[in-house]
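Note on naming: letters A, B, ... go to the chains in the order of the sequence lines (proteins, then strands), and numbering restarts at 1 for each one. Just so you know, these numbers use all the heavy atoms, side chains as well, and skip hydrogens, waters and symmetry mates.
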There are 2 protein chains.
Amino acid sequence: MREAARRLIARHGFAAVSMRKIAAEVGVQAGALYNYIPDKQTLLFEIMQAHMEELLTARAELDAPADPVQALEQFTRFHIRFHSNRPDEVFIAYMELRNLTPENFAAIEAMRRTYEDQLTEILVAGVAAGHFRLAEPRVTTMALIAMLTGVNTWFREEGRLSLDEVEGIYLDMVRRTVAA
Amino acid sequence: MREAARRLIARHGFAAVSMRKIAAEVGVQAGALYNYIPDKQTLLFEIMQAHMEELLTARAELDAPADPVQALEQFTRFHIRFHSNRPDEVFIAYMELRNLTPENFAAIEAMRRTYEDQLTEILVAGVAAGHFRLAEPRVTTMALIAMLTGVNTWFREEGRLSLDEVEGIYLDMVRRTVAA
DNA sequence: GTCTATATTGAGATAGAC
DNA sequence: GTCTATCTCAATATAGAC
């Protein structure tokens with residue numbers, strides 16, 4: 001059910017997807033969905049929450065990098081790979097924030113902030129160690145994440161470039177952006 | 001009316017905004033809106049179309065830059081300034097593409113592609129002149145535009161940094177990304 | 001050109017049979 | 001645990017009075 005909802009919401013938007021359509025996709029009647037969720041809002045929140053938790057968990061499972069330079073490479077490759085593998089979830093996580101209740105919004109935002117802070121810490125450590133040069137770690141964090149997430153807007157599995165090649169190209173741009 | 005629709009759609013999403021709410025914002029009844037547009041879809045399309053036309057017109061009115069290096073600076077500053085001045089329109093133009101009919105979608109996409117091509121041309125010319133070094137002009141175009149548009153997700157007029165300062169920081173990152 | 005009124009459709013959610 | 005049936009509300013769009 002959550003899988004069906006994810007696909008439909010990513011394609012049409014949360015407000016445009018009715019419980020009836022989700023039920024039809026699953027192969028049941030609308031009433032049956034309410035055995036699993038109390039309301040539509042909860043469904044959206046759970047999709048976003050699961051996505052953000054997967055993101056933070058997957059990051060936590062990576063090997064500890066030797067230095068900030070390796071940490072930056074690891075972050076870059078991880079971000080591109082994780083997000084390009086989940087276009088629907090990423091789309092929803094960015095587009096449907098406004099459809100969350102204030103409490104649910106705050107919870108998702110806190111997780112996103114936690115993730116962003118990991119890149120900021122890498123940048124600050126790299127500057128301290130003399131590997132990187134940048135004036136505003138927070139601005140650079142937002143700029144790099146926007147750049148990397150942007151891969152999702154154009155990358156296609158069947159395209160000319162493989163994801164490995166794309167990772168390499170973006171890694172080069174990231175390194176230049178912060179190089180000492 | 002279009003102004004009211006823009007504000008509401010940016011905040012709640014196209015599907016979540018009813019003609020009644022737009023009418024209430026304007027101060028009339030819902031039926032009266034249909035003297036100005038044939039249907040809701042046309043309203044969305046006209047908002048997006050007007051935005052893209054303004055974008056292309058504003059670009060066309062800029063002075064011709066002396067070389068690719070200046071062209072890149074001009075593009076960067078223009079992009080940040082134009083988009084940060086119109087957060088609602090930018091949000092709608094990126095988020096509501098899926099709510100356009102196929103014909104309307106194609107029209108908006110063509111205009112967006114025209115704009116992107118302008119940056120690609122600057123990059124290619126800069127490479128040819130030996131100012132820039134980059135492997136994939138099209139990938140770099142998408143990466144830079146994503147990075148620059150990302151300013152809208154965090155920049156606030158009341159914040160610590162002025163828009164001028166932000167422009168300078170992003171210009172530095174853009175230059176590094178393509179530097180020979 | 002805007003109003004009221006309405007036709008028609010579909011939304012979220014619930015009740016109760018099975 | 002899923003169904004049918006339904007409550008209540010609100011949606012887009014139109015008709016016709018003024």
Q) Between atom CE in Met19(A) and atom P in dC3(D), what is the gap in whole Å? A) 14 Å

Q: With heavy atoms under 4.0 Å as the rule, sort Val26(A) into base, sugar-phosphate or nothing.
A: nothing

Q. Does Ser18(A) place a side-chain N or O at less than 4.0 Å from the phosphate oxygens OP1/OP2 of dA11(C)?
A. yes

Q: Go through dG1(D), dG1(C), dA13(C) for me and flag the one nearest to the Tyr36(B) side chain.
A: dG1(C)

Q: Ignoring the backbone of Ala32(B), work out which of dC3(D), dA13(C), dC3(C) is nearest its side chain.
A: dC3(C)

Q) Quick one: does Arg20(A) reach the base of dG10(C) with a side-chain donor-acceptor pair under 3.5 Å? A) no

Q.
Determine whether Glu73(B) and Phe78(B) satisfy the following criterion, side chain to side chain contact (heavy atoms under 4.5 Å, CB included), listing intermediate values before the conclusion.
A. CA-CA 8 Å; Glu73(B) 170 168 354; Phe78(B) 170 80; over 6 Å; no

**Q.** Interatomic distance, Lys40(B) NZ vs dA10(D) P [rounded to whole Å]
**A.** 15 Å

Q: Find the distance Ile37(A):CD1 to dT14(C):P and express it as a whole number of Å.
A: 11 Å

Q. Between Leu44(A) (CG) and dG12(C) (C1'), how many Å, whole number?
A. 15 Å

Q. Over how many whole Å does the gap from Asp39(A) atom CG to dT14(C) atom P extend?
A. 8 Å

Q: Check the pair Asn99(A) / His12(B) against side chain to side chain contact (heavy atoms under 4.5 Å, CB included), numbers first and verdict last.
A: CA-CA 7 Å; Asn99(A) 284 311; His12(B) 305 290; 5.9 Å; no

Q) What integer distance in Å separates Tyr34(A):OH from dA15(C):C1'? A) 14 Å

Q: Looking only at side-chain atoms of Val28(A), point me to the closest of dG1(D), dC3(D), dG12(C).
A: dC3(D)

Q) So, Tyr115(A) versus Phe82(A), ring centres under 6.0 angstrom or not? A) no

Q: Take atom CD of Gln29(B) and atom C1' of dT14(D), then tell me their distance rounded to the nearest Å.
A: 15 Å

Q.
Is it true that, when you exclude Arg7(B) itself, more than 12 heavy atoms of the residues, nucleotides or ligands shown sit nearer than 6.0 Å to its CZ?
A. yes

Q.
Nearest whole Å is fine: how far is dA13(C) P from Leu43(A) CG?
A. 10 Å

Q.
Can you confirm whether more than 12 heavy atoms, excluding those of Glu53(B), are under 6.0 Å from its CD atom?
A. yes

